[in-house]
> 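Got a structure here, written out as C-alpha cells. Questions coming.
Every number for a ligand or one of its atoms is a count from 1 in the order of the listing.
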Amino acid sequence: MVDERETGPDSSALAEKPSNFIEEIINEHLKTGRFGQNVHTRFPPEPNGYLHIGHAKSIALNFGLAKKYGGLCNLRFDDTNPNKEELEYVQSIEEDIKWLGYDWEDREYFASDYFEQLYDWALKLINDGLAYVCDLSSEEGREHRGALTEPGKHSPYRDRSIEENLDLFKRMRDGEFPDGSRTLKAKIDMAHPNFIMRDPVIYRILHAHHHRTGNAWCIYPMYDFTHGQSDSIENITQSICTLEFENHRPLYDWFCDKLGIHHPQQIEFARLNLTYTVMSKRKFLTMVNENYVNGWDDPRMPTISGLRRGGYTPESIRKFCEYIGVSKNNSIVDVTILENQVREHLNAVAPRVLAVLNPLKIVIENYPEGQVEELSAINNPEDESAGSRILPFSRELYLDRNDFMEVPVKKYFRLAPGKEVRLRYAYIIKCESMLKNESGEIVELRCTYDPDTLGKQPTDRRVRGVIHWVSVDTAVDAEVRLYDRLFTTEHPDKVEEGEDFRSNINPDSLEIIEHAKVEPSLKSVKMGERFQFERLGYFNVDLDSRAEKPVFNRIVSLRDTWANIVRRS
Ligand code: ATP
Ligand code: MG
C-alpha cells in the first residue's frame, strides 16, 4: 500500500479561478473534503508501445494538476495484457516522461504487482455471491449479452454455488483449464441498459508469459477489474481518463463499492486528435513493422521519441498541451498549432547559421585570390546575449541553386544574370556570366562584388534581395533530412471502404540531401543541438551524426508553407 503524505493544497491554487472543468471538480472535492485535502493523480500507460503526443496531453494534465494543487502524481503501468507488453516499452515510457520534464519521484507502480490483491478481491466477490465462473465460450457469451434494445440472457452457470465457484476459480489459477474455456464474471444485471454492466468478464485464462510476473499466473484480470482497484490501492483521488471510458464508470464505481475500498472519482476528458496524424499505438506499430518509417523514433512520427529526435523541445510540447486545454468534447486540433509552438520557442533560443542545401559555386572575379575576411554575424537577433561569430568570406562561395534564376520571373529579387543581390552579413554581388556543362546545366556563376557595400546600402541604387552563402574553402559537408508530413490528408483515418489509414501515407515525406554545405561553426556540433538555418527553417543534429559528417533534421520550416502547397495543388 502507498503511504498518504501530507500534501495539503497550496491555498493560492484553490483561490484561483479554475481553468477547466476538472479543476472545478477538484475544487469541489477540496471544499467538501471528500478526499481530505489531498490531490493525488496518476498517469497509467499500458506498456504496449511508445508514447505519443496524445499521451503528452494526459501526462501534462495529471502531473500538472498535482503540481498546481501541491499534490502527487504516480506513474503506473497498466500491464494486464501479457501478450503485447514488453520491457522496451516500459523503458521508453520512463524516458519520455522524464524528457517532457515530469517526475514521479519514487512512485512507480505496476498493476501486475497487485495481482495477488486483485485475486483476493475476486474471491471476496465470489464469497459475497457477486461473481461466478462461467463456461460459455466468448462467442456464446456475446450472444447472451443481448443487444442495445433488448436485454441479455442469464448464463446457465450464473447460479453456481459459492463453493463450486471458489473451487473452479482456484483451479483456473492452478492451470487446470485451457485458454478461453472459462471466465470469472461479475454478477450484476443482464438487463442493464449499459452493456458494460451485463455480467462483465473480470478474469480470463491465458497461459502466457508476463514481462514481470513470468509464468506465475495463467489467469489475468481484465482492465476494468484492475484499473479502479489499482487507483484505490494507491489512494488516488481523481482518476482522469479519456472519454471512451465514460460508460465504464458505473462498473468502476460498482467494484469500489462492492469491495468496500477507497473510492476515487473517475473523470473523463476528450482525447487529443491532430490533423494530418493518426493517434494510436496499434497504427504506429503497423507503420514501424511495415517500414513506412524508420522506427518508433522516426522524426515523422507523432511519438514523443519521434518528436524528440526530430528536434522538438519539451517546453514547446508542454506549452502546446497548456494551449489546447481540456474539454468534454471530442475535436481535432490543427497540427500547425503544435508546429507553431516549436517555431516560437526556437525563434527565441536557436542560434542562426548559414547553410546551403543545394550548392551552386560562384567565383567573385574581382576579389583577391587567397584573401579571407572574417565577417561578423549575429547569432540571434532575438537574444543579444547570444553574441556573434565569425564567418570567413573569400573568392569562391556556394549559393543555393534556388536563389538563382537564369530567366528571372517578375519581381524576382534574388540573383539573375546582370542582376545584383546582397550576401547576408557581406557584400553586394552582381552576376556577370554562367558556366554550363555539356548537358546545359549551370555549374558555376562568375560574379563581381562591390567593396563599398559591406554593412551599408549603396545610395545610387536599390538592392532588395538578401541571400545566404558559405565559403567553399571552409564549408562543412553535411547530410540534411527534410521531413514533411507523414500523411497527405487532413484526416488520414477517413478512407474509402476496404482501405485504411495507410492509403493516405505521403510517399514523399522524406527527402535526403547528401551534400549540403554548412558554415564552419557547425564543424563540431553535438547531437540534439538546434539551429535556425537562415531563410530555411529550424534544424537539429540527428543521432546519426558523425564527426566527419554532421546530419541535420529539419524540425519545421520558418513559416507554415504547407497550407500554400495544398491550396496550389
Ligand atoms: P492508444 O489508443 O494510442 O493505444 P491508449 O489509450 O490505449 O492509447 P494507454 O497506454 O492506455 O493508451 O493510455 C495511457 C493514458 O493516456 C490513458 O489515461 C489514456 O486515456 C491517455 N491517452 C491515450 N491517448 C490519448 C490521447 N490521444 N489524448 C489524451 N490522452 C490520451
Ligand atoms: Mg490502451
Side-chain angles (χ1 to χ4, degrees), residues 20-22 41-66 73-81 83-86 88-94 96-97 100 102 104 108-112 211 222-224 226-228 230-231 234 236 238-249 252 264-289 296 301-307 317-318 320-333 335 337-338 491-493 501:
N20 57 52
F21 75 97
I22 298 180
T41 56
R42 84 286 170 264
F43 173 65
E46 184 184 350
N48 63 346
Y50 282 61
L51 296 182
H52 51 63
I53 181 79
H55 294 112
K57 175 175 176 177
S58 175
I59 293 168
L61 180 61
N62 279 294
F63 282 92
L65 286 169
C73 180
N74 295 357
L75 168 60
R76 181 196 325 131
F77 291 98
D78 241 322
D79 54 350
T80 54
N81 245 332
N83 289 331
K84 292 190 199 155
E85 294 159 4
E86 286 174 29
E88 175 195 347
Y89 299 138
V90 169
Q91 288 165 344
S92 76
I93 290 169
E94 292 167 344
D96 288 349
I97 300 173
L100 282 172
Y102 298 101
W104 57 89
E108 177 179 75
Y109 302 108
F110 291 82
S112 55
H211 76 118
M222 300 300 285
Y223 173 87
D224 279 331
T226 309
H227 194 81
S230 304
D231 285 342
E234 293 174 20
I236 297 305
Q238 289 80 21
S239 174
I240 299 164
C241 60
T242 37
L243 282 180
E244 66 270 26
F245 291 101
E246 195 162 22
N247 56 355
H248 293 242
R249 181 160 20 104
Y252 185 110
Q265 176 66 52
Q266 179 179 307
I267 304 170
E268 309 86 15
F269 71 100
R271 57 197 290 129
L272 170 67
N273 293 300
L274 281 179
T275 57
Y276 294 101
T277 313
V278 295
M279 198 76 85
S280 140
K281 283 183 275 192
R282 190 177 48 79
K283 289 174 190 160
F284 297 148
L285 191 62
T286 306
M287 290 194 273
V288 171
N289 288 344
W296 285 95
M301 291 274 267
T303 51
I304 305 298
S305 49
L307 292 165
I317 296 175
R318 291 201 301 265
F320 167 74
C321 293
E322 192 184 312
Y323 179 87
I324 58 172
V326 286
S327 87
K328 273 267 182 201
N329 306 313
N330 276 316
S331 66
I332 301 179
V333 173
V335 71
I337 295 176
L338 177 62
H491 308 293
D493 283 316
F501 70 98

> With nothing but distance in play, are any N or O atoms of Glu244 less than 3.5 Å from an N or O of ligand 1?
no
> Contact between ligand 1 and Phe284 is defined here as a heavy atom of the residue under 4.0 Å from a ligand atom; is it met?
no
> Arg76 vs Asp231, test: side-chain contact (heavy atoms from CB on, under 4.5 Å). Steps then yes/no.
CA-CA 9 Å; Arg76 181 196 325 131; Asp231 285 342; 2.6 Å; yes
> Only counting residues at least two apart or in another chain, list the ones meeting ring-ring contact (aromatic ring centres under 6.0 Å, His included) with Tyr252.
none
> Using a 4.0 Å cut-off to any heavy atom of Met279, which atoms of ligand 1 qualify?
3 (O), 27 (N)
> Of all the atoms in ligand 1, which lie at a distance below 4.0 Å from a heavy atom belonging to Pro45?
10 (O), 14 (C)
> Kindly assign one of parallel, tilted or perpendicular to the pair Phe110 and Phe77, based on the angle between their ring planes and the thresholds 30° and 60°.
parallel
> List every atom of ligand 1 that sits less than 4.0 Å from any heavy atom of Pro44, numbering the atoms from 1 in the order shown and giving each element.
14 (C), 18 (O)
> Which of the atoms of ligand 1 are close to Lys281, meaning less than 4.0 Å from one of its heavy atoms?
1 (P), 3 (O), 4 (O), 8 (O), 9 (P), 10 (O), 12 (O)
> Would you say Gly54 has any N or O atom under 3.5 Å from an N or O of ligand 1, going by distance alone?
yes
> Is the closest heavy-atom distance from Arg282 to ligand 1 below 4.0 Å?
no
> Is it the side chain, the backbone, both or neither of Phe269 that has a heavy atom closer than 4.0 Å to ligand 1?
side chain
> Check each atom of ligand 1 against the heavy atoms of Thr242 and keep those under 4.0 Å away; list them by number with element.
19 (C), 20 (O), 29 (C), 30 (N), 31 (C)
> Report the C-alpha distance between Arg42 and Glu234 in whole Å, list the side-chain angles of each, state the deciding distance to 0.1 Å, and finish with yes or no for salt bridge (Lys or Arg N to Asp or Glu O under 4.0 Å).
CA-CA 9 Å; Arg42 84 286 170 264; Glu234 293 174 20; over 6 Å; no
> Which is it for His52 and ligand 1 at heavy atoms under 4.0 Å: side chain, backbone, both or neither?
side chain
